[in-house]
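Just so it is clear: chains get the letters A, B, ... in the order the sequence lines come, proteins before strands, and each one is counted from 1.
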Number of protein chains: 2
Amino acid sequence: MTSQTELQPAPERLQVTTLQPQSRATLADVGRLAGVSSKTVSRVVLDSGNVSKDTRDKVLAAARSLRFRPNHLARNLRHGSVTNTVAFIIGDLTNPFYFLVAAGIERELARHGLMMILAATDDDPASEERVVQNLLDQRVRALLMVPIAADQGYLEGERQLGTPVVCIDRPARNLIADSVVLGSFEATAEAVRGLIRAGHRRIAFVCSPAALYTHQERLRGYRQALREAGVLDSSPWERLENPGGPTAEESVRDLLAMSEPPTAIIAGNNHASLGVVRALGNHFDRLAFIGFDDFELADALGISVIAYDPAELGRRAAQLVIARLNDLIGPPQQIEIATHLIHRGSGELLVPRDQ
Amino acid sequence: MTSQTELQPAPERLQVTTLQPQSRATLADVGRLAGVSSKTVSRVVLDSGNVSKDTRDKVLAAARSLRFRPNHLARNLRHGSVTNTVAFIIGDLTNPFYFLVAAGIERELARHGLMMILAATDDDPASEERVVQNLLDQRVRALLMVPIAADQGYLEGERQLGTPVVCIDRPARNLIADSVVLGSFEATAEAVRGLIRAGHRRIAFVCSPAALYTHQERLRGYRQALREAGVLDSSPWERLENPGGPTAEESVRDLLAMSEPPTAIIAGNNHASLGVVRALGNHFDRLAFIGFDDFELADALGISVIAYDPAELGRRAAQLVIARLNDLIGPPQQIEIATHLIHRGSGELLVPRDQ
DNA sequence: AGTCTCAATGTCAACGTAGACATTACGAAT
DNA sequence: ATTCGTAATGTCTACGTTGACATTGAGACT
C-alpha cells in the first residue's frame, strides 16, 4: 500500500531552477554589489556599529537581493572553532523517557542560543566511543550523555581540553564529570517501606535490563527496606530481566504462579511496569503494585508510581553544561532530581485477605 | 529534595588540569612534532595514499600524543561549506510520535554518515522560520520538517540553492517539496466503513488539535464513509478539540451524555485516544472504539487502532533526503506510508443491544 | 587656519584544512 | 650512464569570516 505519487507542478521549470546550484553569496559578494568592502558588510551583519545609515541601507538591500546568509562555519573557524552545538548521546532512541529528557535539554539550550545534536549508540557500548569521537570532531561545545559503555575514561583527555561533559541518569565511570541523576535508592526504599507498613512481606522486584546503574540503585533500595523489616533474603522475588531471558511480563506470570506468590510488586522502570500491566491484565487487585517512572495511562489505570519530571533531568543537565561553558570551575557536581510517590490506588492495596 | 553533592576527587588537581585549556593540536602541530609538513599529516589522516610506512607511523604517534583531532569545521569550510548534518524540525517535542519518527531518521542518516540536529518550534508558527533560518546559517545539508507554519514559501530561495527539503506527516504549503505522509483519508474511511458494516450509524469523531492537515484528512475520510452510508450530517458527533475548548476526554463524556449517544468512536490521533480511554474508564464495552495511531498499552487494553510504523515515516523521509543529496533530480515526490487496522476487540463491538 | 577627535571605512592576516601543483629522489628501463 | 616514471613529500592558496590596525575626512575647538 505504500506508494509514490508525483505532484503536478511543471517539471521542466523545476529542473531548471534546481540544476543551477548557484553558490551562496559571501560578504564580499554583497560588498561588491553595494560598493563597499566586505568588512563593512560584516559590520552591518553583526550590527557592530560605526556604519552610516546610508551605507547600512545599501548593504542590507544588497544582502537581501543576493539572499546572503552568514556562514557560521567560517565564523566559528575564525573564532577558534567554537560552535554552538551541544551533543546529547542516548543509547536507546525508542525509549520515550529519553525523548522527554531530550525535550528538556533542547528547550534549555535554545534559551541560550545553543542547538542540540542527537546521537544514538543503539545501546551498543562499543559504538559509544566512536560516536563521541565523531561528535568531538564536529567541535560540539559540550557533551550530554547517558553513559552506556563500561568506561568513559576515553574522555579524560577531552575533559582536560575543557569540553564539559554531563552525564544523565547515571554517573560516568573512570571520568570526573558532572552528573544529574535520580534518587533511585532512597525513593525505592521509601516505596517499599510503605508497602511493609501496609503489612506486605513478600514483595517482588521486577526490572528490564537497560540502565545498569539505576537498576542497581533501585534494587539496593528495595533490599535495604526489606532488610530493615527483617526480610534478609529477597532473592526469590527478584526478577532482573536479562537479554535472552524471560521478559518482565513473563517474570510476573511466573511470580504469580509461585506457591507463595508475592503480595506486592515493585517495577524497576517504565518498561517493567508495562510488563506488569500486561501480565496482570485487568486484575490489578491481585496484588499491590508500584512502578518506577510514570507512564502514559498510569493515571487512568490507577497505578501508583514513583514519578519525577524527565524534562527536569534534561533541563538541569543543560543548565549545568551552560554554567560550565560560562567558566564555572570547581569540582564535579552530582545533582539529584526529586522523585515523589504518586498514590493512585495500586500501591495502597492492603495485604490480600487470604494471607 | 533536589540536592547537589560534590564528589571527592582531589579538587586542586582538578582545577589545575581544567584551567589550562590547551588549545587543540592542528595538522601543523602534529607535523612539527613528527618532522613533516602539515600536508603529509593531512595525507595520513585522510589515508589518501602516497605516504611511506615509516612516515605514517611517526605521524600517527605524534597525532596520538598530541590528541590530534581533525577539525570538521575547517574541513567543511574548505569544501564549500558542506556539512554532514541534517536538521529535523518538530513542533511539539513532547509527542512520543515524533520521537519515534526521529529515531527512524537518526538511524537512517547514521547509516550514511550524517548527523541529526533536532530543533523544536514549540508548535509556534512564528518561530518556525526563525529556527529554520538559523539552521540554514549552520549550513545543514538538508531539512526534514513537520510543517507548522501556514506557509513554507520562505524556503523557496533555499530550495533553488539546492537544499533538499522533505516534509513529514503533512505536505508543505507554497513550496515545492518532497513529503512523506500517511494515507489518513483512506485509512479512516475504511475504518468507519467497517463500523458501518457492523451496524453502527451514530459514529463520533474526536481529535485533539495539533496537525491540521492530518486531522482534516481523517475528518474527510470519516465524513466520506458516513456519506456513503447515507449519513449526511455528522456534525453532532464531531468533536474537534480547539485550544481553550474542551479536551478530548471532556468531549467524550459529553458525547456519552447525549440523549442519543454515539455507538462508536473514532479518535483522530494518539492524544485523542488517550482522552477516550480516560473518559471510558473501564467501560470499554459501552461503545466501539478505533484510534488513529497505535499507543503503548493499546494492546493490553484491547483497543483497535489504525497503526503504522512512525520510524518508517522517518526512515523513508531520510532516504528521500539522501537520494536528493545524491543528485536525484526530478519532480517532488509524495510518499505514502502504509497503515493497517489492528483488530484488538474494541473496534469489533456490535451495536449495543439497547439500540 | 591649524590641530584634534572620532566616525566611517578599508586593508591585512589568520582560523585549520586540503586541492593543485611543484619538487625531490630513487629504482627501473633503455 | 642517461632518461624516465613515480612514490614521497612539500609549497602555496583559498574556503568566508572578523579582529587588529590603518586610513580618510569632516566637524569641533583653540
Q) Going by distance alone, is a donor N or O of one side chain under 3.5 Å from an acceptor N or O of the other, for B:Thr94 and B:Asp92? A) yes
Q. Of B:Leu155, B:Asp169, B:Val131, B:Thr121, which is the lone residue that meets side chain to side chain contact (heavy atoms under 4.5 Å, CB included) with B:Met145?
A. B:Leu155
Q: For the pair B:Arg75 and A:Asp137, find out whether any cationic side-chain nitrogen is under 4.0 Å from an anionic carboxylate oxygen.
A: no
Q) Between C:dT9 and A:Ser37, is there an OP1 or OP2 to side-chain N/O distance shorter than 4.0 Å? A) no
Q.
Counting only side-chain nitrogens and oxygens, does B:Thr26 get under 4.0 Å of the OP1 or OP2 atom of C:dG16?
A. no
Q. Which nucleotide sits closest to the side chain of A:Asn50: C:dT9, C:dT17, D:dA8?
A. C:dT9
**Q.** First encountered from the 5' end of DNA chain D, between B:Ser81 and B:Thr55
**A.** B:Thr55
Q) Quick one: B:Leu46 CG to C:dA20 P, roughly how many Å, whole number? A) 13 Å
Q. Are A:Asp178 and A:Arg159 close enough for a salt bridge, meaning some N to O gap below 4.0 Å?
A. no
Q) Within the modelled atom types, does a donor on one side and an acceptor on the other bring the side chain of A:Arg43 and the base of C:dG10 under 3.5 Å apart? A) yes
Q: Would you classify A:Leu27 as touching base, sugar-phosphate or nothing, given that sugar-phosphate means primed atoms plus P, OP1 and OP2, and contacts are heavy atoms under 4.0 Å?
A: base
Q: Starting from C1' on D:dA14, measure out to CG on A:Asn71 and report it in whole angstrom.
A: 14 Å
Q: Round to a whole Å and report the spacing from CG of A:Asn76 to P of D:dT18.
A: 10 Å
Q) Of the nucleotides C:dT17, C:dG10, D:dG10, which has the atom closest to the B:Phe68 side chain? A) C:dT17
Q.
Nearest to the side chain of B:Val36, heavy atoms from C-beta on, is which of D:dG10, C:dT9, C:dA18?
A. D:dG10
Q) Rounding to a whole Å, what distance do you find between A:Leu73:CG and D:dG16:P? A) 10 Å
Q) Rounded to whole angstroms, how far apart are CG on A:Asp137 and P on C:dT17? A) 10 Å
Q) Taking for each residue the nucleotide of DNA chain D with the nearest heavy atom, is it A:Val45 or B:Arg56 whose nucleotide lies nearer the 5' end? A) B:Arg56
Q: Please state whether the base of D:dT18 and the side chain of A:Arg78 form at least one donor-acceptor pair under 3.5 Å?
A: yes
Q.
Distance check, rounded to the nearest 0.5 Å: B:Arg324 atom CZ versus B:Leu328 atom CG?
A. 4.5 Å
Q: Enumerate the residues from residues 57-64 of chain B whose closest heavy atom to DNA chain D is under 4.0 Å, giving them by residue number; use none for an empty result.
A: none
Q: Tell me whether the OP1 or OP2 atom of D:dA7 has a side-chain N or O from B:Ser52 closer than 4.0 Å.
A: no
Q: Report the distance from atom CZ of A:Arg32 to atom P of D:dT17, rounded to the nearest whole Å.
A: 12 Å
Q: Return the value, rounded to whole Å, for the distance between atom CG of A:Asp47 and atom P of D:dT18.
A: 13 Å
(Q) Between A:Asp57 and A:Lys53 (salt bridge meaning N to carboxylate O under 4.0 Å), is one present in this structure? (A) yes
Q. With sugar-phosphate meaning primed atoms plus P, OP1 and OP2, does B:Ser38 contact a base, only sugar-phosphate, or nothing at under 4.0 Å between heavy atoms?
A. nothing
(Q) Between B:Glu158 and A:Arg69 (salt bridge meaning N to carboxylate O under 4.0 Å), is one present in this structure? (A) yes
(Q) Expressed as a whole number of angstroms, how long is the span from A:Lys53:NZ to C:dT9:C1'? (A) 18 Å
Q.
Please pick, from C:dC15, D:dA20, C:dA8, the nucleotide with the shortest atom-to-atom distance to any side-chain atom of A:Lys39.
A. D:dA20
Q) Do A:Glu128 and A:Gln152 get their side chains close enough for a donor-acceptor pair, meaning under 3.5 Å? A) yes
**Q.** Phosphate contact (D:dG19 OP1 or OP2) by A:His79 side-chain N/O below 4.0 Å
**A.** yes
